[in-house]
There are 2 protein chains.
Amino acid sequence: MIPEDETLVRLAEFYKVFGDSTRIKMLCLLRRGELCVQELSDMVGLQQSAISHQLRILKQMALVVNRREGKTVYYSLADDHIAGIIDMGLEHINE
Amino acid sequence: MIPEDETLVRLAEFYKVFGDSTRIKMLCLLRRGELCVQELSDMVGLQQSAISHQLRILKQMALVVNRREGKTVYYSLADDHIAGIIDMGLEHINE
DNA sequence: CTTTCATATGAATATTTGTTCATATGTTCA
DNA sequence: TGAACATATGAACAAATATTCATATGAAAG
(Lines give C-alpha, C1' and ligand atoms only; values in the text may rest on other atoms or scores of the structure.)
Protein backbone atom coordinates (compact mmCIF):
# COMPACT_ATOMS: atom_id res chain seq x y z
CA MET A 1 0.00 0.00 0.00
CA ILE A 2 2.79 2.37 0.94
CA PRO A 3 5.48 2.38 -1.77
CA GLU A 4 8.77 0.66 -1.09
CA ASP A 5 11.39 2.68 0.73
CA GLU A 6 13.54 2.70 -2.36
CA THR A 7 10.65 4.07 -4.39
CA LEU A 8 10.11 6.80 -1.84
CA VAL A 9 13.76 7.77 -2.06
CA ARG A 10 13.58 7.97 -5.83
CA LEU A 11 10.38 9.97 -5.62
CA ALA A 12 12.00 12.43 -3.23
CA GLU A 13 15.02 12.73 -5.50
CA PHE A 14 12.75 13.46 -8.39
CA TYR A 15 10.93 16.26 -6.59
CA LYS A 16 14.16 17.61 -5.17
CA VAL A 17 15.15 18.65 -8.67
CA PHE A 18 12.17 21.00 -8.80
CA GLY A 19 12.92 22.29 -5.34
CA ASP A 20 15.49 24.85 -6.40
CA SER A 21 14.57 28.18 -7.93
CA THR A 22 17.50 28.21 -10.31
CA ARG A 23 16.52 24.88 -11.80
CA ILE A 24 12.83 25.75 -11.88
CA LYS A 25 13.66 28.94 -13.72
CA MET A 26 15.77 27.03 -16.21
CA LEU A 27 12.95 24.58 -16.81
CA CYS A 28 10.46 27.41 -17.30
CA LEU A 29 12.76 29.06 -19.81
CA LEU A 30 13.26 25.79 -21.68
CA ARG A 31 9.52 25.34 -21.94
CA ARG A 32 9.48 27.99 -24.62
CA GLY A 33 12.09 26.23 -26.71
CA GLU A 34 15.64 25.08 -26.70
CA LEU A 35 18.42 27.29 -25.40
CA CYS A 36 22.17 27.03 -25.28
CA VAL A 37 24.18 27.21 -22.08
CA GLN A 38 25.25 30.81 -22.54
CA GLU A 39 21.69 31.98 -23.16
CA LEU A 40 20.53 30.25 -20.01
CA SER A 41 23.41 31.75 -18.11
CA ASP A 42 22.47 35.26 -19.22
CA MET A 43 18.77 34.80 -18.59
CA VAL A 44 19.13 33.25 -15.18
CA GLY A 45 21.91 35.60 -14.14
CA LEU A 46 24.36 33.01 -12.92
CA GLN A 47 27.81 32.06 -14.12
CA GLN A 48 28.12 29.64 -16.98
CA SER A 49 29.72 27.13 -14.65
CA ALA A 50 26.78 27.13 -12.27
CA ILE A 51 24.38 26.59 -15.15
CA SER A 52 26.43 23.70 -16.49
CA HIS A 53 26.41 22.05 -13.10
CA GLN A 54 22.64 22.37 -12.88
CA LEU A 55 22.16 21.16 -16.43
CA ARG A 56 24.09 18.05 -15.57
CA ILE A 57 21.65 17.37 -12.73
CA LEU A 58 18.65 18.00 -14.96
CA LYS A 59 20.05 15.67 -17.57
CA GLN A 60 20.85 12.95 -15.07
CA MET A 61 17.25 13.07 -13.94
CA ALA A 62 16.15 12.88 -17.57
CA LEU A 63 14.34 16.22 -17.45
CA VAL A 64 16.32 17.72 -20.32
CA VAL A 65 18.05 16.49 -23.43
CA ASN A 66 20.75 18.18 -25.44
CA ARG A 67 22.19 18.27 -28.91
CA ARG A 68 25.45 19.65 -30.12
CA GLU A 69 25.72 22.07 -33.02
CA GLY A 70 29.31 22.99 -33.57
CA LYS A 71 30.68 24.52 -30.42
CA THR A 72 27.25 25.18 -29.03
CA VAL A 73 25.13 22.74 -27.01
CA TYR A 74 21.39 23.25 -27.02
CA TYR A 75 19.19 22.01 -24.22
CA SER A 76 15.46 21.37 -24.23
CA LEU A 77 12.85 19.67 -22.09
CA ALA A 78 12.89 15.89 -22.32
CA ASP A 79 9.10 15.59 -22.64
CA ASP A 80 5.82 17.44 -22.13
CA HIS A 81 5.25 15.73 -18.84
CA ILE A 82 7.73 18.11 -17.21
CA ALA A 83 5.71 21.17 -18.13
CA GLY A 84 2.65 19.52 -16.65
CA ILE A 85 4.35 19.02 -13.32
CA ILE A 86 5.40 22.66 -13.20
CA ASP A 87 1.85 23.74 -14.00
CA MET A 88 0.46 21.57 -11.25
CA GLY A 89 2.71 23.28 -8.75
CA LEU A 90 1.83 26.71 -10.08
CA GLU A 91 -1.85 25.95 -9.71
CA HIS A 92 -1.34 24.85 -6.16
CA ILE A 93 0.47 27.97 -5.01
CA ASN A 94 -2.11 30.21 -6.70
CA GLU A 95 -5.14 29.22 -4.69
CA MET B 1 5.57 34.57 -19.92
CA ILE B 2 8.08 33.35 -17.37
CA PRO B 3 6.66 33.57 -13.85
CA GLU B 4 7.93 36.29 -11.53
CA ASP B 5 11.07 35.52 -9.61
CA GLU B 6 9.13 35.52 -6.37
CA THR B 7 6.69 33.01 -7.84
CA LEU B 8 9.56 30.78 -8.88
CA VAL B 9 10.95 30.89 -5.37
CA ARG B 10 7.61 29.93 -3.90
CA LEU B 11 7.24 27.17 -6.45
CA ALA B 12 10.65 25.80 -5.57
CA GLU B 13 9.81 25.96 -1.87
CA PHE B 14 6.64 24.05 -2.54
CA TYR B 15 8.41 21.25 -4.38
CA LYS B 16 11.22 21.20 -1.86
CA VAL B 17 8.76 19.85 0.68
CA PHE B 18 8.29 16.73 -1.45
CA GLY B 19 12.01 16.41 -1.97
CA ASP B 20 12.71 14.55 1.24
CA SER B 21 11.98 10.87 1.71
CA THR B 22 10.93 11.27 5.31
CA ARG B 23 8.29 13.83 4.42
CA ILE B 24 7.15 11.90 1.36
CA LYS B 25 6.74 8.81 3.49
CA MET B 26 4.74 10.74 6.04
CA LEU B 27 2.48 12.09 3.32
CA CYS B 28 1.97 8.62 1.86
CA LEU B 29 1.04 7.29 5.30
CA LEU B 30 -1.37 10.14 5.88
CA ARG B 31 -3.08 9.39 2.59
CA ARG B 32 -4.70 6.41 4.20
CA GLY B 33 -6.12 8.42 7.06
CA GLU B 34 -5.18 10.58 9.97
CA LEU B 35 -2.39 9.57 12.31
CA CYS B 36 -1.01 10.95 15.54
CA VAL B 37 2.59 11.99 16.00
CA GLN B 38 3.61 8.85 17.84
CA GLU B 39 2.13 6.57 15.19
CA LEU B 40 4.00 8.44 12.50
CA SER B 41 7.15 8.24 14.56
CA ASP B 42 6.83 4.48 14.88
CA MET B 43 5.94 3.92 11.25
CA VAL B 44 8.66 6.12 9.82
CA GLY B 45 11.25 4.94 12.31
CA LEU B 46 12.46 8.33 13.46
CA GLN B 47 12.35 10.03 16.81
CA GLN B 48 9.22 11.85 17.82
CA SER B 49 11.14 15.10 17.74
CA ALA B 50 12.20 14.67 14.14
CA ILE B 51 8.62 13.92 13.14
CA SER B 52 7.32 16.97 14.94
CA HIS B 53 9.85 19.16 13.17
CA GLN B 54 8.79 17.78 9.80
CA LEU B 55 5.12 18.10 10.63
CA ARG B 56 5.68 21.76 11.35
CA ILE B 57 7.12 22.20 7.87
CA LEU B 58 4.25 20.30 6.29
CA LYS B 59 1.76 22.41 8.18
CA GLN B 60 3.49 25.66 7.29
CA MET B 61 3.23 24.70 3.66
CA ALA B 62 -0.44 23.86 4.18
CA LEU B 63 -0.02 20.23 3.19
CA VAL B 64 -1.41 18.87 6.44
CA VAL B 65 -3.91 19.94 9.05
CA ASN B 66 -4.23 18.78 12.62
CA ARG B 67 -6.77 18.46 15.36
CA ARG B 68 -6.26 17.90 19.03
CA GLU B 69 -8.04 15.16 20.96
CA GLY B 70 -6.98 15.25 24.53
CA LYS B 71 -3.24 14.83 24.73
CA THR B 72 -3.03 13.47 21.23
CA VAL B 73 -2.72 15.50 18.05
CA TYR B 74 -3.94 13.92 14.83
CA TYR B 75 -2.60 14.97 11.46
CA SER B 76 -4.13 14.46 8.04
CA LEU B 77 -3.68 15.68 4.49
CA ALA B 78 -4.94 19.19 3.89
CA ASP B 79 -6.67 18.29 0.62
CA ASP B 80 -6.86 15.69 -2.14
CA HIS B 81 -4.63 17.73 -4.36
CA ILE B 82 -1.62 16.55 -2.40
CA ALA B 83 -2.25 12.91 -3.21
CA GLY B 84 -2.51 13.84 -6.87
CA ILE B 85 0.90 15.43 -6.85
CA ILE B 86 2.44 12.35 -5.28
CA ASP B 87 0.77 10.13 -7.87
CA MET B 88 2.06 12.30 -10.67
CA GLY B 89 5.60 11.83 -9.40
CA LEU B 90 5.11 8.11 -8.97
CA GLU B 91 3.89 7.80 -12.53
CA HIS B 92 6.91 9.66 -13.77
CA ILE B 93 9.48 7.49 -12.05
CA ASN B 94 7.71 4.30 -13.20
CA GLU B 95 8.13 4.70 -16.92
C1' DC C 1 49.03 23.35 -35.15
C1' DT C 2 47.50 27.13 -32.64
C1' DT C 3 44.09 30.29 -31.22
C1' DT C 4 39.51 31.17 -29.96
C1' DC C 5 35.08 30.20 -28.39
C1' DA C 6 31.44 27.27 -25.86
C1' DT C 7 30.85 24.01 -22.52
C1' DA C 8 32.23 20.73 -18.80
C1' DT C 9 34.52 19.47 -14.60
C1' DG C 10 36.91 19.53 -10.01
C1' DA C 11 38.13 21.68 -5.72
C1' DA C 12 36.89 24.90 -2.24
C1' DT C 13 33.55 27.46 0.35
C1' DA C 14 29.28 29.07 2.31
C1' DT C 15 24.69 28.02 3.20
C1' DT C 16 20.87 25.08 3.96
C1' DT C 17 18.83 21.14 5.83
C1' DG C 18 17.66 16.92 8.74
C1' DT C 19 18.33 14.64 12.88
C1' DT C 20 19.27 14.16 17.77
C1' DC C 21 19.36 15.54 22.55
C1' DA C 22 17.48 18.06 26.17
C1' DT C 23 13.73 20.49 27.74
C1' DA C 24 9.41 23.16 27.57
C1' DT C 25 4.39 23.27 26.83
C1' DG C 26 -0.04 21.53 27.37
C1' DT C 27 -3.51 17.96 28.73
C1' DT C 28 -5.51 14.39 31.68
C1' DC C 29 -6.26 12.06 35.83
C1' DA C 30 -5.44 10.93 40.63
C1' DT D 1 -1.44 20.35 43.11
C1' DG D 2 1.35 16.96 41.14
C1' DA D 3 2.48 12.92 38.29
C1' DA D 4 2.29 10.98 33.76
C1' DC D 5 1.85 11.28 29.02
C1' DA D 6 1.89 13.43 24.10
C1' DT D 7 3.65 16.92 21.49
C1' DA D 8 6.47 21.10 20.43
C1' DT D 9 10.64 23.77 20.47
C1' DG D 10 15.57 25.29 20.61
C1' DA D 11 20.46 24.43 20.33
C1' DA D 12 24.03 21.67 18.36
C1' DC D 13 25.93 18.81 14.96
C1' DA D 14 26.45 16.29 10.63
C1' DA D 15 25.45 15.87 5.98
C1' DA D 16 23.95 17.67 1.62
C1' DT D 17 23.80 21.43 -1.68
C1' DA D 18 24.64 25.63 -4.70
C1' DT D 19 27.81 28.72 -6.21
C1' DT D 20 32.34 30.45 -7.55
C1' DC D 21 37.00 30.13 -9.26
C1' DA D 22 40.30 27.93 -11.95
C1' DT D 23 41.06 24.87 -15.47
C1' DA D 24 40.16 21.08 -18.76
C1' DT D 25 37.81 19.35 -22.89
C1' DG D 26 36.11 19.74 -27.46
C1' DA D 27 35.06 22.10 -31.86
C1' DA D 28 35.84 25.52 -35.56
C1' DA D 29 38.65 28.81 -38.10
C1' DG D 30 42.77 30.88 -39.44
Side-chain angles (χ1 to χ4, degrees), chain A residues 5-6 8-30 33-76 78, chain B residues 5-6 8-30 33-76 78:
Chain A
D5 271 15
E6 195 227 325
L8 293 172
V9 169
R10 286 204 303 139
L11 189 55
E13 272 168 7
F14 172 69
Y15 278 120
K16 204 173 293 183
V17 182
F18 295 87
D20 175 84
S21 52
T22 295
R23 284 190 295 264
I24 277 273
K25 188 165 193 176
M26 291 168 69
L27 291 172
C28 285
L29 288 166
L30 290 173
E34 65 177 11
L35 292 168
C36 71
V37 179
Q38 192 53 55
E39 287 170 325
L40 279 167
S41 175
D42 293 340
M43 289 167 161
V44 173
L46 280 180
Q47 299 208 329
Q48 172 269 320
S49 172
I51 299 298
S52 264
H53 281 300
Q54 298 297 357
L55 282 170
R56 190 159 57 83
I57 293 172
L58 292 174
K59 191 177 177 188
Q60 272 179 351
M61 296 303 284
L63 300 190
V64 300
V65 293
N66 59 5
R67 74 184 173 85
R68 176 150 226 148
E69 193 173 309
K71 288 178 281 196
T72 310
V73 179
Y74 290 96
Y75 283 82
S76 51
Chain B
D5 269 16
E6 194 227 325
L8 292 172
V9 170
R10 286 203 302 138
L11 189 56
E13 273 168 6
F14 172 70
Y15 278 120
K16 204 174 292 184
V17 181
F18 296 86
D20 175 82
S21 52
T22 295
R23 284 190 295 266
I24 277 271
K25 188 165 191 175
M26 291 168 69
L27 291 172
C28 285
L29 288 166
L30 290 172
E34 64 178 11
L35 292 169
C36 71
V37 179
Q38 192 53 55
E39 287 170 325
L40 279 167
S41 175
D42 293 340
M43 288 168 162
V44 173
L46 280 180
Q47 299 208 329
Q48 172 269 321
S49 172
I51 299 298
S52 263
H53 281 300
Q54 297 298 357
L55 283 170
R56 190 160 57 83
I57 293 172
L58 293 174
K59 192 177 178 188
Q60 272 179 353
M61 297 303 283
L63 300 189
V64 300
V65 293
N66 59 4
R67 75 185 173 85
R68 174 150 228 148
E69 193 173 309
K71 289 177 281 194
T72 311
V73 178
Y74 290 95
Y75 283 82
S76 51

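Quick note on labels: first sequence line is chain A, next is B, and so on, each numbered from 1. The figures here come from the full heavy-atom set of this structure, side chains too, leaving out hydrogens, waters and symmetry mates.
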After noting the C-alpha distance and the side-chain angles of B:I57 and B:D20, does the key distance pass the side-chain contact (heavy atoms from CB on, under 4.5 Å) rule? CA-CA 12 Å; B:I57 293 172; B:D20 175 82; over 6 Å; no

Report which part of the nucleic acid A:K59 touches: base, sugar-phosphate, or nothing (heavy-atom distance under 4.0 Å, all strands). nothing

Applying a 4.0 Å non-hydrogen cut-off, can you work out what A:I51 is touching in the nucleic acid: base, sugar-phosphate, or nothing? nothing

Distance, rounded to the nearest Å, where [X] contributes [atom1] and [N] contributes [atom2]:
| X | N | atom1 | atom2 | value |
| --- | --- | --- | --- | --- |
| A:L46 | D:dT17 | CG | C1' | 14 Å |
| B:Q38 | D:dA8 | CD | P | 11 Å |
| B:K16 | D:dA16 | NZ | P | 17 Å |
| B:M26 | D:dT7 | CE | P | 12 Å |

Nucleic acid contacts of residues 60-76 of chain B, taken as heavy-atom distances under 4.0 Å to DNA chain D: B:K71, B:T72, B:V73, B:Y75

For a quick test of reading the model: is some side-chain N or O of A:Q54 closer than 4.0 Å to OP1 or OP2 of D:dT19? yes

Looking only at side-chain N and O atoms, does B:Q47 come under 4.0 Å of OP1 or OP2 in C:dG18? no

Donor-acceptor contact present, side-chain B:R23 to main-chain A:A12, <3.5 Å: no

Donor-acceptor check, side chain of B:R56 to backbone of B:L58, threshold 3.5 angstrom: yes or no? no

Polar-atom pairs under 3.5 Å, protein N or O versus N or O of nucleotides 9-14 of chain C: list them with distances, or write none.
{"unit_1": "C:dT9", "atom_1": "O4", "unit_2": "A:S49", "atom_2": "OG", "d": "2.7"}
{"unit_1": "C:dG10", "atom_1": "O6", "unit_2": "A:H53", "atom_2": "NE2", "d": "2.9"}

Under the criterion side-chain contact (heavy atoms from CB on, under 4.5 Å), I'd like the reasoning laid out for B:S52 against B:Q48: C-alpha separation, chi angles, the key distance, then a yes or no. CA-CA 6 Å; B:S52 263; B:Q48 172 269 321; 3.2 Å; yes

In terms of side-chain heavy atoms of B:C36, which of C:dT7, D:dT7, D:dA18 is nearest? D:dT7

